[in-house]
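In what follows, every heavy atom counts, from backbone to side chain, and hydrogens, waters and symmetry copies are set aside. Since the structure is predicted, the reported quantities are computational estimates derived from the model, not experimental observations. Chain letters run A, B, ... following the sequence lines, proteins first, then strands; residues in each count from 1.
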Protein chains: 2
Amino acid sequence: MTTSNDVARRAGVSQATVSRVLHDNARVGAEARARVLAAMAELNYVPNAQARAMRLQRTGTIGVVSGKIKTPFFPQLIDAIGSNIADRNLRMVLWNSEENRGEPAALETIRSGLLDGLIFTSARPHSATLHQVAELGIPFVLVNRTVDELECDKVTSDNEAGGRQVAQYFIANGRHQVAIVGSSSDLSTVRARRKGFVDEFTRQGIPLRPEWQTQGDEPYTHDLALEAAVPILAAEDHPDAVFCLGDPNGFGVLDAARRTHRVVPTDVWVVGYDDTEMCSWESFDLSSVRQPVDDMARVAVELLVRRIAEPDAPFIDHRFASNLIVRGSTGNVPLKSTQ
Amino acid sequence: MTTSNDVARRAGVSQATVSRVLHDNARVGAEARARVLAAMAELNYVPNAQARAMRLQRTGTIGVVSGKIKTPFFPQLIDAIGSNIADRNLRMVLWNSEENRGEPAALETIRSGLLDGLIFTSARPHSATLHQVAELGIPFVLVNRTVDELECDKVTSDNEAGGRQVAQYFIANGRHQVAIVGSSSDLSTVRARRKGFVDEFTRQGIPLRPEWQTQGDEPYTHDLALEAAVPILAAEDHPDAVFCLGDPNGFGVLDAARRTHRVVPTDVWVVGYDDTEMCSWESFDLSSVRQPVDDMARVAVELLVRRIAEPDAPFIDHRFASNLIVRGSTGNVPLKSTQ
DNA sequence: CTGAAAGCGCTAACAA
DNA sequence: TTGTTAGCGCTTTCAG
């Protein structure tokens, strides 16, 4: 590895001058600068980021804790976050939060001075690690899933409004016998989606059948949704619409409909959540609520960068709108404009 | 941030002793050790990895350049690589290689001293950056996609054998009118899959129709496969089997069959590649060639770690077997044992 | 067994 | 404009 000292020696200047040339804010004589530049090129010099970070107390690296990466949703978010980070000439260290190993690893890493800040995409309520991060005054942002009691920057989409919109859509089109398929965990996203949906039915005085609302801690899997939906759809007395708290659940319900010979959308409507790419495939053609993932990622990175620069800035809770994308699984029936 | 100096002061020992306690290989007096340990606990001390890295010339961080992360395949690989890295108490910096921005960024980062080694999952032939990495003597491993002319550690599955196996399966079951849907790019994976398949037909003297072999540089997308397959399947004279060079292509062809009213598997067999999770969903039930992704990731990390420790070890080219998983899209017809 | 001191490569204050 | 110098926090000789 060639160092700034090697460059200095070669250019016949002091090492400090090399450093100055590197950050051309400082004034360096034209001739000296030329010699340094030449020496750098000849030696193929790359400054050592480690040493710079040690001096500046700034690493240029951001830690990201992803939700289960083997889902259709999180790669979308990671991709967008990664692009925004790269655009700013920063780097991204990634943890997959499966088994909750990610959070503690991220905390340890930032405490060891390797990171400037942290982005959590899959915060769980009552996470001890998250509370620790907050207490230690570490710059961080919650995106996608949040934790109510934590005071910090948050970027979400309005999951409650999303659930409500689906409920209004079902009701407005006479689909009152509805099921909810998905996790009953207290993750902020699924909880809000469920709440928005349920509250709207309650508000309009339409009863929901408890036996048509699935339970379970595991979010977002196709197979669990399939198993849960088959008995519900197979029964003589079955729902005429199903709200799924994530797209994989939606795909599972579509498979359940196929297996029980219920025709979508004639017999039963199905709506998913996240509008991942597969929704538009003809096999599925699944109506789904879209979150503005790219915008969420952009703002999350923006907020974190700001937080790193200004640790005492007021916290921002940025909530984007979300929108139901209508497809064949709800008969392509358009949304009423009043909704 | 509390430093080893703070701990030393508090414990009434020298800073060097704190450092020794940290790496308990060194002999430290029992009493001194106890005092240091106590001080560390009280001060909630975490050693600065930056400074350590600077001394040791080892960062404990590995860079990974992923292929397009918004596909079903790469997240699987990234997940597995990430787990193996985490198991070794290392960290992973990730780049998404879309637009080929990833490789140069990874190179720059390792040259700046922030990484110990690099894993490339989506090498392209003739990549200037990759050649540079090799010339600079940087420890790196190619996994999944490789580049023939590069001398380095490589971990792949036998894509050519995979293609051959599919060909033999089609032929043995009388499906001789076959199409190939997928990219015609020179990426090592799709090239080998195509070659293995084509060579086997040639070997057995069965002609292939050129107009049933799709072209295109973009690999692995559902929509391109759909558009390409529709005219092929719609024709009176259509293939009785389709080999798809990636699962998304397979799903696209299944959708094309649906659209053209061809019944799978009666009218046409379909086989994909990678056996991603969705293949087993009832909507698809797609036969597909499985790569041992977890094993590939494990070995890739092993090789890289070894390479970092022993820069001059002989290069290893580790090629795993791959296996066709039979499902409904080929009528669940079992493989002959002789194949 | 323990402390003093050098140095990893860099930035920035201070002098000249 | 340029050089000298003092660290950033750690590991590791070298003395004692």
When the distance from [atom1] of [X] to [atom2] of [N] is rounded to whole Å, what number comes out?
X      : N       : atom1 : atom2 : result
L56(B) : dG9(C)  : CG    : P     : 13 Å
Q57(A) : dA12(C) : CD    : C1'   : 14 Å
M1(B)  : dG7(D)  : CE    : P     : 21 Å
R33(A) : dT2(D)  : CZ    : P     : 9 Å
N5(A)  : dG7(C)  : CG    : P     : 12 Å
M54(B) : dC10(C) : CE    : C1'   : 6 Å
R35(B) : dC1(C)  : CZ    : P     : 15 Å
H23(B) : dG9(D)  : NE2   : P     : 16 Å

Test salt bridge (charged side-chain N to carboxylate O under 4.0 Å, His left out) applied to E103(A) - qualifying residues, sequence neighbours left out: none
Between the first and last five pairs of the helix from dC1(C)-dG16(D) to dA16(C)-dT1(D), the angle of the axes, rounded to 10 degrees: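 The end-segment axes of the helix from dC1(C)-dG16(D) to dA16(C)-dT1(D) are tilted 50° relative to each other.
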All side-chain hydrogen bond (donor to acceptor under 3.5 Å, both in side chains) counterparts of N44(B), not counting sequence neighbours: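 Testing N44(B) for side-chain hydrogen bond (donor to acceptor under 3.5 Å, both in side chains), a comparison that skips the adjacent residues, returns R111(A).
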Those residues that, when tested against S122(A), pass side-chain hydrogen bond (donor to acceptor under 3.5 Å, both in side chains) (two or more places apart): none
Kindly say whether [Y] contributes a backbone atom to a donor-acceptor pair with the side chain of [X] at under 3.5 angstrom?
X       : Y       : value
S66(A)  : I69(A)  : no
D153(B) : I316(B) : yes
D79(A)  : K70(B)  : no
T17(B)  : V13(B)  : no

T3(B), nearest nucleotide to its side chain (from dT2(D), dG9(D), dC10(C)): dG9(D)
Polar contact flag, side-chain donor to acceptor under 3.5 angstrom, T59(A)-D116(A):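 Yes.
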Interatomic spacing from CZ in R298(A) to CD1 in I81(A) - rounded to 0.5 Å: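 R298(A) atom CZ to I81(A) atom CD1 measures 12.5 Å (nearest 0.5 Å).
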Electrostatic pair D186(B)-R191(B), nearest N-O below 4.0 angstrom: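 Salt bridge absent between D186(B) and R191(B).
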Sidechain N-carboxylate O distance under 4.0 Å for R306(A), E302(A): no
Sugar-phosphate only, base, or nothing, as touched by A32(B) at under 4.0 Å among non-hydrogen atoms: sugar-phosphate
Would you list the protein and nucleotides 4-6 of chain C atom pairs, both N or O, that sit under 3.5 Å from each other?
none

Strand contacts (DNA chain C) in residues 37-52 of chain B, 4.0 angstrom heavy-atom criterion: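 The answer is none.
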Presence of T17(B) side-chain N/O under 4.0 Å of dG3(C) phosphate oxygens OP1/OP2: yes
